Amino acid sequence: MDIYNPKTIESHWRKFWLEKRIYQPDLTKGKKPFGKTQGKPYYNLMMFPYPSAEGLHVGNMYAFTGADVHGRFKRMQGFDVFQPIGLDGFGIHSENYAIKVGRHPKEHAKISEKHFYEQLHMIGNGFAWDQKLETYDPDYYRWTQWLFVQMYKHGLAYRKKAMVNWCPSCKTVLSDEQVEGGVCERCKTPTTRKETEQWFFKITAYADQLLNNIPKLNWPKKITIAQQNWIGKTKGLNISFKIEGSDAKIVVWTKFWETVFGVTFLVVAPEHQIVASLLSSKSKTQSPKLEEIRNYVGKALKKTEQKRKAGEKDKTGVFTGIYAINPVNGQKIPVWISDYVLTDVGTGAVMGVPSHDLRDFDFAKKYDLEIKQVVAYSDQDIDVKVKNGQMAYEGEGVLVNSGEFKGLSAWGVGKQKMADWMIKKKSAKWKTTYHLRDWLISRQRYWGPPIPMIFCEKCGWQPVPEDQLPVLLPDIKDFQPKGDGKSPLQRAPKEWLETVCPKCGGKAKRETDVSDTFLDSAWYFLKYPSIGLNSKLETRNSKQFSKSKLVNSKHFGFRNSDLELPWNPEITRRWLPVNAYIGGAEHAVLHLLYARFVWMCFKDWGYLSSIESDEPFPFLFSHGLIIKDGAKMSKSRGNVVNPDEYISRYGADALRMYLMFLGSYDQGGDFRNTGMAGMYRFLERVWRMFQKQVQSSKKNTEQYNNRLNVILHKTIKKVTEDVAKFKYNTAIAALMEFMNAYEEKTPDGKEKTLSTDDAGKLIKLMAPFTPYLAEEIWHNLYPDSLESIHTSLWPEYDPKMLEGEQVEIPVQINGKTRAVISVNPPVAKSQPEMVKIVMEDQRTLQYLRTKKIVKIIFVANKIINLIVS
RNA sequence: GCCAGGGUGGUGAAAUCGGUAAACACGCAGGUCUCAAAAACCUGUGAGUCUCAAAGCUCUUGCGGGUUCGAUUCCCGCCCCUGGCACCA
């Protein structure tokens with residue numbers, strides 16, 4: 001008997017699959033060689049990996065394996081599964097690593113690309129290798145640049161001088177999404193603020209659509225909630241406060257306008273324009289007061305975001321000397337400056353309501369400002385304290401000290417009426433705000449696609465004409481960021497930097513910033529299906545899009561017939577949207593939001609007019625995190641698991657199977673070495689079973705045990721249902737249970753066997769998890785077959801086989817289980833028959849003998865419960 | 001602070017439109033085989049209690065209440081862990 005040798009098996013079938021191209025659907029024709037789903041395309045996509053220097057991490061492998069199991073399952077159900085892979089290799093992360101090891105990013109990319117693809121070949125995934133792509137490939141980033149140009153032409157890319165997040169370590173600006181709790185998402189360095197001019201994409205123009213489409217998405221709740229919170233749409237009022245002795249006013253945004261009678265001061269951000277005009281005002285002589293303000297503002301502006309947040313408990317501020325008038329009651333209230341007010345939230349000015357806002361309360365206490373209750377609470381204890389200015393309370397109550405609104409509910413009628421009243425007397429306006437900001441695209445780094453823009457002294461900014469793309473990233477030796485905020489590309493050769501203006505033909509200069517990595521990954525799924533097609537298919541679309549609504553096309557003077565797309569419309573129509581998108585929850589807001597935004601733009605520009613879906617990923621599955629010995633894997637902890645070692649020791653199949661077994665796929669789980677070894681032993685058992693099976697079925701294909709056959713059909717049912725729901729761990733448990741039943745000898749001491757057909761069904765159930773082993777066994781069972789198990793049809797169970805099964809019914813007396821009786825299905829549905837059996841059963845009889853049955857609770861097929869007194 | 005997910009044996013975990021808690025596996029213990037060991041196989045394995053033994057009984061899903069014939073599952077109030085958001089006005 002041969003022993004299980006994963007190494008030889010795996011390398012053999014890997015070659016076979018590549019030669020037979022079994023994972024390579026015909027993207028153009030979509031002809032269907034098998035199955036009843038009749039060539040239905042199924043785009044199964046795992047989230048784009050960036051090739052880290054250490055290579056494939058067991059976390060990546062966990063993600064990919066789960067996605068691959070899904071793809072293989074769908075393929076065996078007859079779908080034409082397209083499962084591409086590529087590398088998100090541009091970006092700060094790769095560049096920083098290259099710098100660390102003293103290599104040029106381009107050179108480093110080649111090395112890690114090779115390593116990564118080798119590993120991806122090993123893990124046994126059914127990738128369509130013809131369609132691989134790398135974001136740093138000029139054939140790819142040509143189109144990333146094209147996307148930028150389209151954004152510009154449609155008025156969605158613009159330059160803005162703004163306070164932006166700056167990472168002192170990465171030496172570049174970051175988008176809001178890339179700053180997590182005041183630190184850089186990549187390197188965890190605290191970010192600072194910096195005022196510069198940058199390119200932005202107007203994602204806020206799509207805020208409502210991004211929000212409104214969320215209910216249509218079949219996504220995990222936690223992801224949709226995260227997106228909802230990130231977009232952060234809130235309805236509020238802009239309330240105007242006149243400044244005493246001036247025509248100027250301060251506008252305050254609030255969602256708690258019902259407390260406006262309780263406003264006793266205003267606070268503005270140090271960046272607020274009223275502060276600027278105060279400081280620059282020539283009419284007032286330099287007073288000590290003004291000097292104090294200048295000092296405070298100066299200091300505040302230098303503080304980093306983090307430091308400003310760190311000062312949370314100890315709020316500081318300075319009085320401006322200005323007074324404002326509360327529009328609802330004419331009260332004169334002081335205007336203060338404090339750095340706890342952020343310039344880019346609301347209007348950069350807040351109304352101080354110390355009795356009903358905790359922060360305002362702290363501030364008022366510190367600077368001895370008036371505290372005035374305007375909401376009364378039913379809880380006397382709280383109410384008295386609020387009245388006496390001893391605490392602030394933010395709950396629902398009844399309005400007091402609020403003129404004609406006295407006695408109305410603060411969050412109900414009172415709130416509504418007060419809004420109407422203020423709007424009517426023109427002191428307030430409805431204003432909906434969003435947390436979402438425009439997407440900052442520019443990066444002052446080297447390793448990315450150069451932003452395809454040209455600056456001409458005469459004509460201003462001009463996009464690089466599409467037929468001149470790509471703007472190749474020049475090879476420069478001195479690519480490192482210097483920390484002066486200037487882009488490395490400013491050190492590019494003159495021939496690159498200097499160009500001609502596409503409009504006037506005069507001298508012009510290229511933009512030297514590169515674009516954000518998230519732009520590369522915001523559209524890659526659209527490119528995959530169209531990769532590698534001949535130039536005929538890579539069409540110049542003449543008529544197809546002539547009707548499309550191109551917002552600014554006239555203005556930019558290009559004709560629709562000149563349009564060329566990065567994808568083939570016919571193929572894209574067939575394959576998009578992505579049927580299943582599988583990845584980690586860490587991209588909840590960043591990548592997923594950007595990709596949705598870009599998709600919506602393409603739709604609006606008419607480039608995806610043949611596709612109905614409003615969303616690129618109607619179905620998303622987010623898998624859990626894999627941890628090691630109870631802790632997140634990290635280099636500093638030294639508990640990072642490298643899949644290579646395990647693959648060479650136990651084979652990819654055992655690792656795949658173990659990863660899928662160690663916990664539920666949506667929750668993640670704990671990786672333990674002992675568990676890994678146990679799974680290898682299981683595969684050896686499977687191997688031996690089929691060795692025996694092959695020999696016995698040669699002798700007699702009909703010899704099988706009927707009872708075992710029933711269990712087989714139960715197993716098919718269970719595995720099919722669980723795999724469909726991504727419940728891989730319990731599907732594997734069911735396979736193990738079958739093995740246990742198989743190995744158990746019959747009462748007369750005989751070994752069990754299956755018919756060859758049934759053995760084939762069983763191994764098919766394992767094929768998604770252990771593709772190599774399954775293929776080997778399949779060909780042992782059917783030595784003449786030229787077909788792969790992975791393109792065979794998924795087995796179906798026979799419901800009739802399960803019909804005659806005995807049902808186990810627990811018998812409870814007063815809610816306590818006293819016996820379990822095994823009955824035939826019709827009996828399990830009949831109360832009288834069940835009662836009769838219970839009354840005769842020795843085990844239950846002892847509880848019933850002296851008692852009277854008061855009530856019988858009977859649930860067919862489930863339980864019988866006798867209540868006795 | 002807010003939002004989401006979670007807390008079950010020695011360990012990873014199953015089971016939640018309320019119905020036998022601990023499937024499956026790891027580990028451990030004992031055994032078979034062996035000169036011995038490994039591998040493989042068999043048996044046992046939530047805790048307590050009673051018993052020579054068998055059978056049984058009691059308790060047990062983070063804590064405290066509640067609803068119910070019956071609660072890991074539903075409701076109320078807490079505690080802890082993980083992830084996301086946050087001086088958001």
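By convention in this document, chain letters (A, B, ...) are assigned in the order of the sequence lines, proteins followed by strands, and residues within each chain are numbered from 1. It should be emphasised that the depicted structure is a prediction, and the values quoted were computed from it without experimental measurement.
For the OP1/OP2 pair of B:C88 and a distance below 4.0 Å, the side-chain nitrogens and oxygens of A:K233 include no atom meeting the criterion. A sub-4.0 Å separation between OP1 or OP2 of B:A14 and a side-chain N or O of A:S664 is present.
Comparing B:A14, B:C88, B:C26 by their nearest atom to the side chain of A:R681 picks out B:C26. The side chain of A:R359 sits closest to B:C87 out of B:G19, B:C87, B:C24. Comparing atom distances between the A:Q667 side chain and each of B:G5, B:C87, B:C24 picks out B:G5 as nearest. The A:T674 side chain lies nearest to B:G27 when the options are B:U58, B:G27, B:C87. Looking at the side chain of A:H435, the nearest of the listed nucleotides B:A86, B:U58, B:A13 is B:A86. Residue A:N865 places its side chain closer to B:G70 than to any other of B:G12, B:G70, B:A4. Taking the side chain of A:R672 as heavy atoms from C-beta on, and the options B:A4, B:G12, B:C24, the nearest nucleotide is B:G12.
Rounded to the nearest Å, the gap between the C1' atom of B:G12 and that of B:G84 is 26 Å. To the nearest whole angstrom, the two P atoms, one in B:C26 and one in B:A13, are 16 Å apart.
In this structure a side-chain-to-backbone donor-acceptor pair under 3.5 Å is missing from A:K727 to A:S664.
Nucleotide B:C2 forms a pair with B:G84, judged by Watson-Crick or G-U wobble geometry with both contacts under 3.5 Å. Base pairing annotation: B:U32 forms a Watson-Crick or G-U wobble pair with B:A40, both donor-acceptor distances under 3.5 Å. Partner assigned to B:U8 is none, using Watson-Crick or G-U wobble distances below 3.5 angstrom. When both pairing distances are held under 3.5 Å, B:G27 makes a Watson-Crick or G-U pair with B:U45. Using N1 to N3 plus N6-O4 or O6-N4 for Watson-Crick, or N1-O2 and O6-N3 for G-U wobble, each under 3.5 Å, B:C74 pairs with B:G66. If you check B:C17 for Watson-Crick or wobble pairing at under 3.5 angstrom, you find it has no partner at all.
Proximity of the aromatic rings of A:W336 and A:F363 is defined here by a centroid distance below 6.0 angstrom, and this criterion is met. Residues A:Y665 and A:Y62 place their aromatic rings such that the two centres sit under 6.0 Å apart.
No engagement by A:F682 is indicated, since no non-hydrogen atom pair under 4.0 Å with the nucleic acid exists. In this structure, A:I225 reaches the sugar-phosphate backbone alone: every heavy-atom distance under 4.0 Å involves primed, P, OP1 or OP2 atoms, never a base.
Between the CD1 atom of A:I626 and the P atom of B:U82 there is a distance of 19 Å, rounded to whole Å. Between the CG atom of A:N814 and the P atom of B:G70 there is a distance of 9 Å, rounded to whole Å.
From A:F361, atom CZ reaches atom NZ of A:K366 across 14.5 Å, with rounding to the nearest 0.5 Å.
Checking A:Y742 against A:E737 by side-chain atom types alone, no donor-acceptor pair falls below 3.5 Å. In this model, a donor atom of one side chain and an acceptor atom of the other lie less than 3.5 Å apart for A:Y340 and A:D360.
Toward the 5' end of RNA chain B, the nearer of the two residues A:I863 and A:M679, judged by each one's closest nucleotide, is A:I863. Residue whose closest nucleotide on RNA chain B sits further toward the 5' end, between A:G668 and A:K816: A:G668.
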